[in-house]
Amino acid sequence: MRASKNSVLTLETPIEFVKGIGSERAKLIKNVLGISVVEDFLNFYPIRYLDKSKIFTVSTLQESNIEVQLKGRITSVQEIQTGKIKRLSAKFNDHTGTMDLVWFQYSKWLKEQLPVNKEVFIFGKINAFNNQFSMPHPEIEAEESKETDARLKPIYPSSEKLSKRGLNQKFFQNILKKICKEIPNLIQENLPEYMIRHYQFLSRQHTFLNIHFPKDQQHFDKADNRLKFEESFFFQLGFGLKKAHHKAKSHGNPFPIVGDYFTGFYENHLPFELTNAQKRVLKEIRFDMKKPIQMNRLLQGDVGSGKTMVALLTMLIALDNGFQSCLMAPTEILAQQHYNGIKDLLKDTNIKVNILTGSVKASARKIIHEELENGELTILVGTHAVLEDKVKFKNLGLAIIDEQHRFGVAQRAKLWAKNRIPPHILVMTATPIPRTLAMSFYSDLDVSIIDEMPIGRKPIITAHRREKDRTYVYNFCHEEIRKGRQIYFVYPLIEESETLDYKNLMEGLENVMENFSNYDVTMLHGKMKPDEKDAAMNYFASGQSQIMVATTVIEVGVNVPNASVMVIESSERFGLSQLHQLRGRVGRGGEQSYCILMTSDKLSSDSRTRIKTMTETNDGFKISEVDMQLRGPGDILGTQQSGVVDFKRLDLVNDSAIIKNTKNMVEKILKADPLLSRPEHQIIKNYYLQYYKGKNKWSKIS
Ligand code: ADP
Ligand code: MG
């Protein structure tokens with residue numbers, strides 16, 4: 001049977017059959033707001049509420065630009081013409097004083113209908129001008145028709161387009177009121193009884209009623225809290241189920257042996273004692289790889305925390321079990337550095353390492369291909385060149401990806417396909433992301449964190465300097481060079497204005513060369529060819545040059561332990577994580593290192609927060625928290641992935657307690673009842689299957 005105008009509303013009723021909407025408006029609402037059935041309206045949350053419980057008086061108004069309600073009378077109405085522009089003005093008096101009400105756009109109808117000399121409530125935002133308050137476009141309600149029930153009035157997200165066609169706040173309020181009145185008993189629970197009791201949640205019914213028409217602040221808070229919990233809970237549940245599914249299905253090569261390669265290296269060639277964090281992380285990895293299930297682990301550790309050694313030791317375990325490994329880096333420079341470092345560490349062993357990048361010559365490439373296929377070459381370092389189809393392994397058992405955020409998902413998938421049984425995957429990133437974000441976004445990966453720096457590392461001293469301090473900064477750099485250290489000067493490179501940035505860089509270079517004329521200055525920027533970049537980098541790294549002037553191409557991973565000063569020019573133009581990455585280029589040796597943040601005199605409040613954060617802490621996790629507060633989670637993950645954490649109510653910055661709670665709850669539930677087969681879990685299973693399955697954007701991240 002077709003639903004008709006007179007039938008009873010259900011959650012599935014198309015909105016055109018809700019009285020007062022009709023098919024024209026329904027189309028508009030659907031197009032603009034994506035609402036097509038009654039249930040969608042329930043999830044169409046107010047963006048804020050007007051508090052109509054308070055009544056202000058004219059004489060006590062103080063603050064401008066706030067919404068207030070007053071009670072009094074309109075005493076006169078008058079049309080005022082200035083030039084071509086007409087406005088309507090009314091005097092409002094509440095016994096304590098008089099205030100102007102103003103309309104810049106109004107109909108004849110309004111002019112004639114203003115209730116003069118009747119008790120009314122007026123509501124709106126006030127403006128102050130010359131100590132006189134006025135209220136443009138007030139809402140006016142006659143005392144006798146004032147609603148007494150809902151004291152917090154919902155304001156819905158709307159648009160000019162909708163308002164112009166009569167779909168204004170009043171319209172939405174009426175529709176929602178009607179829906180909330182007619183269908184509350186159709187709103188079904190989606191959480192088990194025990195959870196509702198445990199968290200003292202409102203029922204789901206009351207949750208929706210109080211989200212749209214809160215009884216009071218306290219009821220709103222409870223409703224809000226439950227909706228956030230639900231959102232986080234079902235999101236986590238999705239990931240939990242996916243992870244369990246993956247573990248049950250995806251075979252991996254078990255690496256049960258820790259043998260001579262690992263132990264021999266650990267006992268004879270390890271150049272330093274591992275930090276406790278490195279040891280812990282290594283244990284987590286070993287535990288994973290022992291199982292016949294593919295490892296998917298994210299290794300987070302701040303710049304300089306020693307991830308490379310963990311990577312190498314992991315590769316040695318693979319080798320002990322008869323498998324090849326590859327380590328992939330996002331740039332040629334980085335791959336080269338990893339290769340040099342690893343080759344050096346393994347020089348007294350018989351382990352064969354090689355490097356494969358775009359610039360490896362065809363003849364050498366051919367040999368690498370052969371040795372990978374016959375198994376002679378056991379550790380391959382490279383750029384995405386290793387992903388090419390021509391590159392075949394005899395038995396790739398482990399793939400490590402450094403600086404994960406530079407690689408796309410498709411590229412990772414290619415690695416999986418390099419072996420019949422997919423290799424274990426270890427993804428390393430030096431861009432710590434806030435824990436709440438990691439918990440949501442990476443919930444399908446296991447996460448290991450190195451949260452400790454090697455001992456003896458001196459924290460980098462960071463200072464904020466302005467143009468007027470430049471001479472002082474240069475003098476300081478001269479002193480450091482005289483002590484035998486090296487200096488970086490970094491200039492911003494922002495794509496939209498590449499030409500301009502290039503000009504800045506060139507001017508900067510000239511300036512530096514002038515002021516450091518007795519030293520050798522190297523330049524590095526993105527327009528150089530890979531071999532030019534390498535040559536410049538090697539020249540600086542070998543100590544022949546004392547100063548490197550560069551754009552952010554040096555951001556990732558570059559390791560020159562003797563460099564002790566990082567001067568970041570126009571640092572207000574950099575984001576926090578980028579500043580932190582750049583700073584991590586120094587402080588890599590035993591010497592005290594410095595980061596100098598040069599800025600102009602005028603700073604926006606966000607820039608000021610960024611600079612202040614940098615001068616106050618070296619902790620990448622703390623920095624990432626501030627970064628998320630400033631930019632929001634979507635921007636931190638990058639636009640391509642931001643949809644994954646598009647929550648309607650949950651706020652990754654402020655709701656960490658809820659996220660933690662739900663994560664624990666989900667883990668507990670799935671551990672005890674992995675298939676959600678217990679009777680008390682049918683409710684979440686059904687709800688999940690109906691509303692979430694297929695909607696989680698997993699495909700984007702694994
Ligand atoms: P990142 O985590 O940024 O990749 P690296 O692996 O490049 O850091 O390590 C930074 C530096 O710290 C390297 O020079 C490395 O040899 C050194 N290092 C790593 N672990 C330790 C340790 N446990 N003790 C002392 N130095 C260490
Ligand atoms: Mg590194």
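Counting starts at 1 for both ligands and their atoms, in listed order. Note that the structure is predicted; figures quoted are calculated from it, not measured.
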Item to check | Any N or O of Gly301 closer than 3.5 Å to N or O of ligand 1 | outcome: no
Item to check | N or O contact, Met309 vs ligand 1, cut-off under 3.5 Å | outcome: no
Item to check | Asn354 (side chain) donor-acceptor with Leu377 (main chain) under 3.5 angstrom | outcome: no
Atoms of ligand 1 less than 4.0 Å from [X] heavy atoms?
{"X": "Thr275", "value": "23 (N)"}
{"X": "Thr308", "value": "4 (O), 5 (P), 6 (O), 7 (O)"}
{"X": "Pro454", "value": "20 (N), 21 (C), 22 (C), 24 (N), 25 (C), 26 (N), 27 (C)"}
{"X": "Gln278", "value": "19 (C), 20 (N), 22 (C), 23 (N)"}
{"X": "Glu273", "value": "22 (C), 23 (N), 24 (N)"}
{"X": "Arg588", "value": "7 (O)"}
{"X": "Leu274", "value": "23 (N)"}
{"X": "Asp302", "value": "2 (O)"}

Checklist outcome for this item: At under 4.0 Å between heavy atoms, what of Arg457 touches ligand 1? The answer is side chain
Item to check | Minimum heavy-atom distance between Gly587 and Ile460, given as atom pair plus value | outcome: CA-CG1, 4.1 Å
Item to check | Taking every non-hydrogen atom, the tightest pair across Asn518 and His478 | outcome: OD1-CE1, 4.3 Å
Measure the shortest side-chain to side-chain distance between [X] and [Y] over non-hydrogen atoms and say whether it is less than 4.5 angstrom.
{"X": "Gln236", "Y": "Ile659", "result": "yes"}
{"X": "Phe393", "Y": "Leu380", "result": "yes"}
{"X": "Arg585", "Y": "Val560", "result": "no"}
{"X": "Ser564", "Y": "Lys483", "result": "no"}

Next on the checklist: Are Phe265 and Tyr261, when compared by the centres of their aromatic rings, separated by less than 6.0 Å?
Outcome noted: no
